[in-house]
Amino acid sequence: MSVNITFLGGTGTVTGSKYLVEHAGQRLLVDCGLFQGYKQLRLRNRRPLPFEPRHLGAVLLTHAHLDHSGYLPLLAKEGFHGKVWATPATRDLAAILLPDSGHIQEEDAAFANRHGFSKHAPALPLYTEEDARRSLKLLHTEPMQQDFEPLPGWRARFTGAGHILGAASVLLQVGGRRILFSGDLGRPDDLLMKPPEAAPAADTVLIESTYGDREHPKEDVVAELGPALARVAARGGTAVVPVFAVGRAQALLHAIAELKARHAIPPSLPIYLDSPMAIHTTELFQHHLGEHRLDAAQCRAMGHAAHFTVTPDQSRAIAMNHGPKVVLAASGMATGGRVLHHLAQYLGDHRHMVILTGYQAPGTRGATLAAGGTHLRLHGQDIPVRADVVQLQSASAHADAGQLMAWLRTLPSRPHQVFVVHGDPEASDALRLRIEKELRWPAMVPEHGATWPA
């Protein structure tokens, strides 16, 4: 009996990762992500899935980022009651990320309703903070490099993928087939995370391609960030830094601690971490020593690199400091969260700076800024962009094209099929061509909603 994979997300885009695996009447979902970016992508979050959630057997999460886990509360709300398998650190991060996602959606819907700029009356969140907390009860953990049975007769194993705390590749064995899901692969030279582990043997491989058409610069994030912060501090401005609360925020805190220690930026320069989610994530690094590169002393230094602002009142009070400062706030692509209020405050003044810290998915506000947009739509208004916009090229937590190819080369034997996923069309097709040319393996970029034998 055949094993089939249906690509329900993470195809033609870097968001919404969902891969449905079916065999002998059983169904399992690898990743359960939200679509982000262009409106036509975000609308997919509100469309029913092509299967009944209550008939789904299990979910496997590669990691906790919302484009891989953020649909889970909605899946549970719609009737899924099976187990969600994850590594312990992914479970810990999901307990931070998912309720925060629900809370932000509730806040955004309430703000839209108060100010009347939603096209829907009333604007409704996809799910609430309480929905998210209920879905967390479905999570079950397994350590790296240990076989377990997500469904009767199915075997799975997590292997370290780098990228963020808890991130894993997933090897799924079912119906005589070995299917390897890369998840998001980290960089071998990442500032915080250890390199991805070598790939296990597989018949079918799904490889991410976020940077499938690019190579990262040789310069590291400390060297790139320092001059930008020194410039904005010298002119008395504020640097607004949209950060991904999990991974990127901690890398930047570590880099800032290093820069201050070297006096590359003023040791007195105020730094604010304005994201409860990022604050809690920073604390998790001390609970998962050994899973990343930092020792206990470096974790403590990272934790003291910024003023942690937890409450909305503390967040609003940042603007009362009129001197130079740096504000790190989620979200990393400026799709929502507190960073929007800081952008509205500082975008219109040439003394200030916006520092983009990684990949900006098409259709996001971050992508608009990266492309040199002259206005940014915030809370129903078009705000002029007069602040400097700097995009760091070295801060990405994703493997680049050469590093993705190097990971594929660690496979002990030639797979029968490679599916190139989780990338914009140009990046995915560029990686497909490299795989076919350099490795001489069959590779294809699947279309959204397509079903293929594994």
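Throughout, residue positions are numbered sequentially from 1 according to the sequence presented.
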**Q.** Pairs involving residues 208-227, ordered by first then second residue, that meet ring pair (Phe, Tyr, Trp, His ring centres under 6.0 Å) (sequence neighbours left out)
**A.** Y211-H216
**Q.** Steps toward side chain to side chain contact (heavy atoms under 4.5 Å, CB included) verdict (V84, H140)
**A.** CA-CA 6 Å; V84 179; H140 295 257; over 6 Å; no
Q: Would you mind reporting whether V390 and L356 have side-chain heavy atoms less than 4.5 Å apart?
A: no
Q: List for me each residue that meets side chain to side chain contact (heavy atoms under 4.5 Å, CB included) alongside A330, sequence neighbours excluded, and say none if there are none.
A: A245, S275
Q | Contacts of A257 that satisfy side chain to side chain contact (heavy atoms under 4.5 Å, CB included) - sequence neighbours left out | A | A305
Q) Below 4.0 angstrom, N of the basic side chain to O of the carboxylate: do R434 and E215 qualify? A) yes
Q) Does the side chain of Q145 pick up a donor-acceptor pair with the side chain of E197 at under 3.5 Å? A) yes
Q. Would R214 and D400 satisfy salt bridge (Lys or Arg N to Asp or Glu O under 4.0 Å), going step by step from the backbone distance to the final call?
A. CA-CA 6 Å; R214 279 163 284 178; D400 66 19; over 6 Å; no
**Q.** ring pair (Phe, Tyr, Trp, His ring centres under 6.0 Å) pairs, two or more places apart, involving residues 234-255
**A.** none
Q) How long is the span from the OG1 atom in T90 to the CG atom in L165, to the nearest 0.5 Å? A) 8.5 Å
Q) With a distance cut-off below 6.0 Å to the six-membered ring centre and an angular limit of 45° from the axis, does R42 pair with F35 as a cation-pi contact? A) no
Q: State, without any angle test, whether H292 and D190 hold a side-chain donor-acceptor pair at a distance under 3.5 Å.
A: no
Q. Can you check whether G290's main-chain N or O pairs, donor with acceptor, with K194's side chain at less than 3.5 Å?
A. yes
Q: Answer yes or no: is there an ion pair linking K18 with D31, defined by an N-O contact shorter than 4.0 Å?
A: no
(Q) Is any side-chain heavy atom of R409 closer than 4.5 Å to one of W407? (A) no
Q | Rounded distance (nearest 0.5 Å) linking atom CG of L98 with atom CG of L66 | A | 6.5 Å
Q: Decide whether T282 and Q250 meet the rule of one side-chain donor and one side-chain acceptor closer than 3.5 Å.
A: yes
Q: Determine yes or no for a side-chain-to-main-chain donor-acceptor pair under 3.5 angstrom, with Q314 supplying the side chain and T311 the backbone.
A: yes
Q: Kindly indicate whether the side chain of L172, heavy atoms from C-beta on, has any atom under 4.5 Å from the side chain of F181.
A: yes
**Q.** Donor-acceptor side-chain pairing of D184 and H65 below 3.5 angstrom
**A.** no
**Q.** No-hydrogen, no-angle side-chain donor-acceptor test under 3.5 Å, E224 and S394
**A.** yes
Q: Give a yes or no on whether H448 atom NE2 has more than 12 heavy-atom contacts from other residues, nucleotides or ligands under 6.0 Å away.
A: yes
Q: Give the ring-plane orientation class for H379 versus F111, where under 30° counts as parallel, over 60° as perpendicular and anything between as tilted.
A: tilted
Q: Apply salt bridge (Lys or Arg N to Asp or Glu O under 4.0 Å) to D274 and list each qualifying residue two or more places apart in sequence or on a separate chain.
A: R338
**Q.** Atom NE2 of H304 with >12 non-hydrogen neighbours under 6.0 angstrom
**A.** no
Q: Would you please name every residue forming a ring-ring contact (aromatic ring centres under 6.0 Å, His included) with Y38, sequence neighbours left out?
A: none
**Q.** pair L369-P242: side-chain heavy atoms closer than 4.5 Å
**A.** no
Q | Side-chain (T410) to main-chain (A198) donor-acceptor, under 3.5 angstrom | A | no
Q.
Could you check whether any side-chain N or O of E208 sits under 3.5 Å from a backbone N or O of G423, counting only pairs where one atom can act as donor and the other as acceptor?
A. no
Q) Under 3.5 Å, is there a donor-acceptor pair between the side chain of R365 and the main chain of R377? A) yes
Q) Checking side-chain hydrogen bond (donor to acceptor under 3.5 Å, both in side chains) for the pair E107/H103: CA distance, chi angles, key distance, verdict? A) CA-CA 6 Å; E107 280 191 334; H103 178 68; 3.1 Å; yes
Q | Test side chain to side chain contact (heavy atoms under 4.5 Å, CB included) applied to V170 and L180, step by step | A | CA-CA 6 Å; V170 173; L180 177 61; over 6 Å; no
**Q.** S209 (side chain) donor-acceptor with V421 (main chain) under 3.5 angstrom
**A.** yes
(Q) Ignoring hydrogens and geometry beyond distance, is a side-chain donor-acceptor pair present between T210 and H422 at under 3.5 Å? (A) yes
Q. Side chain of Y127, backbone of G70: donor and acceptor closer than 3.5 Å?
A. yes
Q) Quick one: salt bridge (Lys or Arg N to Asp or Glu O under 4.0 Å) partners of K77, sequence neighbours excluded? A) D131
Q | F158/F148 aromatic ring centres below 6.0 Å | A | yes
Q: Write down the atom of A319, the atom of Q345, and the distance for their closest heavy-atom approach.
A: CB-NE2, 3.8 Å
Q. What's the spacing between L72 CG and S135 OG if we round to 0.5 Å?
A. 4.5 Å
Q. Looking at CG of L229 and CD1 of I256, how far apart are the two atoms once the value is rounded to the nearest 0.5 Å?
A. 6.0 Å
(Q) Please check: side-chain N/O of D429 versus main-chain N/O of P425, any donor-acceptor pairing under 3.5 Å? (A) no
**Q.** Which residues share a ring-ring contact (aromatic ring centres under 6.0 Å, His included) with Y272, sequence neighbours left out
**A.** H307
Q) Can you say whether the rings of Y346 and H342 are parallel (under 30°), tilted (30 to 60°) or perpendicular (over 60°)? A) parallel
Q: Would you check if L34 and D67 make a side-chain contact, meaning some heavy-atom pair closer than 4.5 Å?
A: no
Q) If we only count heavy atoms from C-beta on, is the L8 to Y19 side-chain gap below 4.5 Å? A) no
Q. Given R44 and L41, is the side chain to side chain contact (heavy atoms under 4.5 Å, CB included) satisfied, shown in steps?
A. CA-CA 5 Å; R44 290 179 183 174; L41 290 176; 3.6 Å; yes
Q. For the atom pair NZ (K218) and CG (D189), what is the distance rounded to the nearest 0.5 Å?
A. 8.5 Å
**Q.** R157 with E142: basic N within carboxylate O range, under 4.0 Å
**A.** no
**Q.** Residues in salt bridge (Lys or Arg N to Asp or Glu O under 4.0 Å) contact with D388, at least two apart in sequence or another chain
**A.** R235
Q: Could you name each residue pair satisfying salt bridge (Lys or Arg N to Asp or Glu O under 4.0 Å) that touches residues 347-359, not counting sequence neighbours?
A: D349-R351
Q) Does CD in E130 sit with more than 12 non-hydrogen atoms of other residues, nucleotides or ligands closer than 6.0 Å? A) yes
(Q) Is the shortest side-chain heavy-atom distance between V241 and V326 below 4.5 Å? (A) yes
(Q) Nearest 0.5 angstrom please: L340 CG to S331 OG, how far? (A) 6.5 Å
**Q.** Those residues that, when tested against E258, pass salt bridge (Lys or Arg N to Asp or Glu O under 4.0 Å) (two or more places apart)
**A.** R262
Q. Got a sec, which pairs hit salt bridge (Lys or Arg N to Asp or Glu O under 4.0 Å) with one end in residues 281-303, sequence neighbours left out?
A. none
